[in-house]
Amino acid sequence: MIDIVVGYIDRSSPITIFVLGLLSFYLFLTVWTFVYRYLVLGRWLKRERESMEQMHMGASTVTQGSVLKTCLKKSVAISASLLEMCEYAATREATKGLTLLSLIASTSPFIGLFGTVISILEAFAGLGTQKSATLGVVAPAISEALVATAAGIFVAIFAYSFHLILKRRAYELTTVIAMQKEMLLANKAGA
């Protein structure tokens, strides 16, 4: 296996190696962003659910762990506009990293395709110097060129999947925050 990889790198152009290196970096960045944001959102969602649970059990306000509590500390009175601003700020914070994953998901196939096109151009240029171009000569060159496209699609699949998972997690979080906001406003109106 290692011999195959080393042989491929020896035959590849610097542009193809750069493309594969960039796609490797994209994959690392995708996995790191997903793991970090998933853990952050998980802890945050747990705190917000606990706060909402306390409100369902009769608490008149959110708990210390809630993002809404920090907004309420800065204000003397609860207002709908203040809570709405807090909700917007929480939504902005919850969706961090989604743009990066979306960018990687949409660009990595094109980067892989660029590497493939360069490799195919080089393969045809090399075939032009030979007297005969049989299928046995052309097929390996083209199959090696397609590695970059496969790598780009591979990275895009993970980036897009992780984007959707984090987007759903952020939606769950912002929904819990919105529910707490509405409960606070209902408690204020009932008081």
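Position 1 is the first residue of the sequence; numbering continues from there.
- Nearest heavy-atom pair, Ala90 versus Val67, reported as atom, atom and distance to 0.1 Å: CB-CG1, 4.1 Å.
- Interatomic distance, OG1 of Thr61 versus CD of Gln54, reported as 11.5 Å (0.5 Å rounding).
- Using a 4.5 Å heavy-atom cutoff, the side chains of Phe154 and Leu23 are not in contact.
- The environment of Lys69 atom NZ is dense: over 12 non-hydrogen atoms of other residues, nucleotides or ligands sit within 6.0 angstrom.
- Taking CE from Met55 and CD from Gln180, the interatomic distance works out to 6.5 Å, rounded to the nearest 0.5 Å.
- Put simply, Val31 and Leu22 are part of the same group of oily side chains (I, L, V, M, F, W, Y) that touch within less than 4.5 Å, one to the next.
- Thr95 meets the side-chain hydrogen bond (donor to acceptor under 3.5 Å, both in side chains) test with no other residue; sequence neighbours excluded.
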Residue pair Tyr26, Leu100: steps toward the side-chain contact (heavy atoms from CB on, under 4.5 Å) verdict: CA-CA 10 Å; Tyr26 266 20; Leu100 176 66; over 6 Å; no

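- When the side chains of ILVMFWY residues are joined at heavy-atom separations under 4.5 Å, either directly or via intervening members, Phe25 and Phe158 end up in a single hydrophobic cluster.
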Leu72 vs Leu83, test: side-chain contact (heavy atoms from CB on, under 4.5 Å). Steps then yes/no. CA-CA 8 Å; Leu72 295 175; Leu83 290 173; 3.9 Å; yes

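- Taking both residues in full, the closest heavy atoms of Val19 and Gly112 are given as CG1-CA, 4.3 Å, listed atom of the first, atom of the second, then distance.
- A pairwise comparison of heavy atoms in Glu87 and Ala178 identifies OE2-CB, 3.2 Å as the closest pair.
- Each ring-ring contact (aromatic ring centres under 6.0 Å, His included) pair with one or both residues in residues 37-58, not counting sequence neighbours, appears once here: Phe34-Tyr38.
- Counting heavy atoms from C-beta outward, Leu27 and Ile104 have side chains that stay 4.5 Å or more apart.
- Looking at Tyr88 and Thr174, their side chains never come closer than 4.5 Å, going by heavy atoms from C-beta outward.
- Between the side chain of Ser102 and the main chain of Leu98, no donor-acceptor pair closer than 3.5 Å is present.
- Here the CD atom belonging to Glu172 is positioned 12.0 Å from the CD1 atom belonging to Ile177, to the nearest 0.5 angstrom.
- The closest donor-acceptor contact from the side chain of Thr33 to the backbone of Thr30 lies at 3.5 Å or more, if one exists at all.
- Interatomic distance, Leu146 CG to Leu113 CG, rounded to the nearest 0.5 Å: 9.5 Å.
- A pairwise comparison of heavy atoms in Leu185 and Ser79 identifies CD2-C, 4.3 Å as the closest pair.
- Between Ala156 and Ala105, the shortest heavy-atom distance links the atoms CB-O, 3.5 Å.
- For the atom pair Leu121 CG and Ile15 CD1, the distance stands at 9.5 Å (nearest 0.5 Å).
- Using modelled atom types, no side-chain atom of Ser66 and backbone atom of Thr63 make a donor-acceptor pair closer than 3.5 Å.
- Residues Phe18 and Val147 do not share a hydrophobic cluster, clusters being chains of Ile/Leu/Val/Met/Phe/Trp/Tyr side chains in contact below 4.5 Å.
- Centroid-to-centroid, the aromatic rings of Trp32 and Phe28 stay 6.0 Å apart or farther.
- Linking Ile, Leu, Val, Met, Phe, Trp and Tyr whenever their side-chain heavy atoms come within less than 4.5 Å puts Leu41 and Leu39 in one cluster.
- Between the side chain of Ser51 and the backbone N or O of Arg47, no donor-acceptor pair lies under 3.5 Å.
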Pairs of donor and acceptor atoms involving the side chains of residues 162-170, under 3.5 Å and at least two apart or interchain, shall be tabulated with distances.
none

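- Taking the side chain as every heavy atom from C-beta outward, Asn187 and Ile78 never approach each other to under 4.5 Å.
- Closest approach of Thr16 to Gly115, counting heavy atoms only: OG1-O, 3.9 Å.
- In this structure, CD in Glu144 is found 12.0 Å from OG1 in Thr116, a value given to the nearest 0.5 Å.
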What verdict does the side-chain contact (heavy atoms from CB on, under 4.5 Å) test give for Arg49 and Met179, after you've listed the backbone C-alpha separation in whole Å, the side-chain angles of each residue and the deciding distance to 0.1 Å? CA-CA 10 Å; Arg49 282 182 176 156; Met179 290 167 61; over 6 Å; no

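- At a threshold of 4.5 Å between non-hydrogen side-chain atoms, the residues Ile153 and Ile157 count as touching.
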